[in-house]
Amino acid sequence: MAYYYKEPSHTFSEYLLIPGYTSEECIPDRVSLRTPLTKYRKGFEEPAISLNVPLTSAVMQSVSNDTLAIALAKEGGISFIYGSQSVEDQAAMVAKVKGHKAGFVVSASNLTPENTLADVLALKAKNGFSTVAITDDGTANGKLLGIVSSRDYRVSRMSTDEKVASFMTPLDKLVTAPAETTLKEANDIIWDHKLNSLPIVDKDGRLMYFVFRKDYASHKDNPLELLDSQKRYLVGAGVNTRDYATRIPALLKAGADVLVIDSSEGYTCWQQKTIAWVRENYGDTVKIGAGNVVDRDGFLFLARAGADFVKVGIGGGSICITRETKGIGRGQATALIEVAEARDEYFRETGIYVPICSDGGIVHDYHMTLALAMGADFLMLGRYFARFDEGPTPKVLVNGVYMKEYWGEGSNRARNWQRYDLGGATKLTFEEGVDSYVTYAGPLHDNVEASLYKVRSTMCNVGVTNIPDLQREAKLTLVSSVSIVEGGYHDVTLRSGPSNK
């Protein structure tokens with residue numbers, strides 16, 4: 001006879017947090033949202049990778065490209081570049097993130113003196129960078145001959161056939177620095193000479209890096225930005241259980257800091273084999289998460305297989321119809337609570353803490369706090385990030401309202417059959433996701449700042465200033481359907497226009 005759970009599964013909207021004592025020390029500005037991303041021996045070592053805010057963006061075509069990854073890393077979170085594209089294209093996106101801000105940046109725009117203004121304009125249109133290095137061979141590490149920036153030309157007064165040699169700023173008029181220059185020294189030179197960029201050259205005059213003024217300013221404006229040891233943004237990438245032996249080496253070469261197996265259901269031999277391949281070829285140096293699961297058994301299976309973190313959630317995403325089409329899944333809150341208990345059980349047995357990621361089911365900002373209180377170490381969001389300027393989809397006008405396109409990886413549009421792979425046909429047999437619109441919300445920074453302020457504020461109401469304390473001290477209560485109604489505005493008629501001050 002089949003096993004029946006005695007209690008129904010619940011969603012985040014069916015819970016509320018009970019306030020705790022708030023001391024004078026407990027104010028939002030003092031709340032830390034730092035959290036582990038990868039497994040570690042808790043109490044004996046620090047995680048190899050931690051997040052400064054508990055947000056990751058979903059492994060989706062309509063969410064996680066290089067521009068969103070850069071924007072999220074500035075806020076302290078991390079993106080997982082979608083894997084439902086060619087290996088070369090995915091690796092190129094990873095490389096763009098790693099090269100965008102490094103303190104020392106390998107030049108991404110390079111020409112020779114024989115190129116033309118048309119070539120400069122085409123290169124700028126292609127990659128968006130206004131600084132072009134002019135080298136003897138047109139490569140990022142050729143002998144530096146000059147620089148072209150937007151102040152070196154005026155399109156309205158010049159012919160596009162004009163050669164770069166005639167309008168570039170030549171080497172003898174540039175301020176450069178030697179290879180051994182530190183980042184602090186480079187920034188001092190930039191400020192002393194009022195430069196926008198400083199080329200770093202080796203003893204043979206070959207270009208090594210640029211240091212940009214804007215990167216210094218960016219760091220001051222984004223104190224939580226997530227950087228590696230070389231001051232580059234951290235970025236993740238999604239892989240599947242089919243072509244991992246080809247895809248993973250290319251992603252690592254491009255600079256990926258962490259990988260995740262992108263799958264709708266992770267309690268499978270295919271994920272076990274993928275993790276085993278990574279451990280056999282790279283040991284523990286490569287960090288790879290797995291999932292998704294919704295119960296204790298699924299978590300323990302992936303933890304014992306060697307996953308660095310485990311994603312929780314099946315069918316809870318706003319564009320996911322897995323529950324509707326296949327009848328599998330679980331309410332996100334119930335799934336998260338059980339998996340968090342299994343994580344703590346595994347830690348008590350092994351001394352290894354395997355972080356869990358709540359993936360799906362986040363509709364309102366307060367759901368973020370609930371998910372963290374229920375045991376999630378970090379969250380993965382799709383619809384939330386798809387609404388922002390930095391996402392990959394276009395902004396469109398629909399019935400007088402600006403929207404952004406958003407589609408599931410299991411939709412006919414994405415056709416990411418690998419995500420639903422069960423070892424059978426190499427095609428998408430039926431849809432498990434929809435094609436939709438989400439309301440446009442503006443810049444990522446403004447929205448994330450507002451959302452996380454709510455999280456910090458709620459944590460203060462609970463009486464805690466960090467995520468581990470929230471998980472330990474939180475008190476949660478189930479609410480009835482009439483309690484949910486009571487929680488919104490009721491028994492009033494809303495006024496139109498601005499409210500009274």
Side-chain angles (χ1 to χ4, degrees), residues 11-13 53 55-72 74-75 77 79-82 84 128 313 315-325 332 358-371 379-416 431-455 457-458 484-485 487-501:
T11 66
F12 293 133
S13 290
V53 300
L55 301 182
T56 67
S57 65
V59 194
M60 300 175 69
Q61 293 176 8
S62 55
V63 178
S64 293
N65 67 342
D66 52 304
T67 55
L68 189 121
I70 291 166
L72 182 52
K74 288 180 180 179
E75 303 303 318
S79 291
F80 288 90
I81 303 295
Y82 68 93
S84 52
S318 59
I319 42 67
C320 184
I321 54 173
T322 293
R323 297 179 192 176
E324 180 180 334
T325 57
Q332 186 66 9
S358 180
D359 178 15
I362 301 289
V363 179
H364 306 292
D365 287 347
Y366 82 90
H367 288 171
M368 297 181 185
T369 320
L370 285 171
L379 318 173
M380 180 168 280
L381 307 170
R383 180 196 62 85
Y384 178 83
F385 286 115
R387 304 172 300 146
F388 302 149
D389 286 323
E390 296 83 356
T393 65
K395 183 173 66 175
V396 295
L397 196 62
V398 180
N399 297 326
V401 178
Y402 279 110
M403 313 286 283
K404 292 203 74 178
E405 297 178 348
Y406 179 47
W407 60 91
E409 289 297 289
S411 67
N412 272 324
R413 184 170 184 175
R415 304 203 65 80
N416 182 8
E431 287 187 286
E432 293 190 43
V434 299
D435 197 340
S436 64
Y437 295 106
V438 289
T439 304
Y440 167 69
L444 181 145
H445 170 77
D446 295 347
N447 285 275
V448 168
E449 184 177 54
S451 295
L452 293 184
Y453 191 87
K454 293 178 188 177
V455 172
S457 179
T458 304
I484 295 173
V485 173
Y489 67 85
H490 57 89
D491 301 311
V492 296
T493 300
L494 294 183
R495 294 179 57 183
S496 59
S499 60
N500 291 329
K501 299 297 183 183

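Although no hydrogens or angles enter the test, the distance criterion places a donor-acceptor pair under 3.5 Å between the side chain of S436 and the main chain of Y406. Using modelled atom types, no side-chain atom of T56 and backbone atom of S79 make a donor-acceptor pair closer than 3.5 Å.
Residues passing the ring pair (Phe, Tyr, Trp, His ring centres under 6.0 Å) test with Y366 are H364, sequence neighbours excluded. For the side chain to side chain contact (heavy atoms under 4.5 Å, CB included) test, residues two or more places apart in sequence or in another chain that qualify with T458 are L17, T369. Residues passing the side chain to side chain donor-acceptor pair (under 3.5 Å) test with S451, sequence neighbours excluded: D365, Y384. Among residues two or more places apart in sequence or in another chain, the side chain to side chain contact (heavy atoms under 4.5 Å, CB included) test is passed with V363 by H367.
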Extract all donor-acceptor atom pairs below 3.5 Å that involve side chains of residues 62-72 and protein atoms in other chains or at least two apart in sequence.
residue	atom	partner	partner atom	Å
S62	OG	W407	N	3.4
S62	OG	W407	O	3.1
S64	OG	S57	OG	2.6
S64	OG	A58	O	2.5
N65	OD1	T67	OG1	3.0
N65	OD1	L68	N	3.2
N65	ND2	T67	OG1	3.1
T67	OG1	E390	O	2.6

Please table the atom pairs, donor to acceptor, closer than 3.5 Å between any side-chain atom in residues 438-446 and protein atoms at least two apart or in another chain.
residue	atom	partner	partner atom	Å
Y440	OH	D389	OD1	2.5
Y440	OH	D389	OD2	3.3
H445	ND1	E75	OE1	3.2
H445	ND1	E75	OE2	2.9

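Side-chain atoms of P394 and E405, non-hydrogen and from C-beta on, do get closer than 4.5 Å to each other.
Going from atom NZ of K404 over to atom CZ of F385 covers 12.5 Å, rounded to the nearest 0.5 Å. Summarising the geometry, atom CE belonging to M368 is positioned 6.5 Å from atom CG belonging to L452; distances are rounded to the nearest 0.5 Å. Note: M380 CE to L55 CG = 11.0 Å, rounded to the nearest 0.5 Å.
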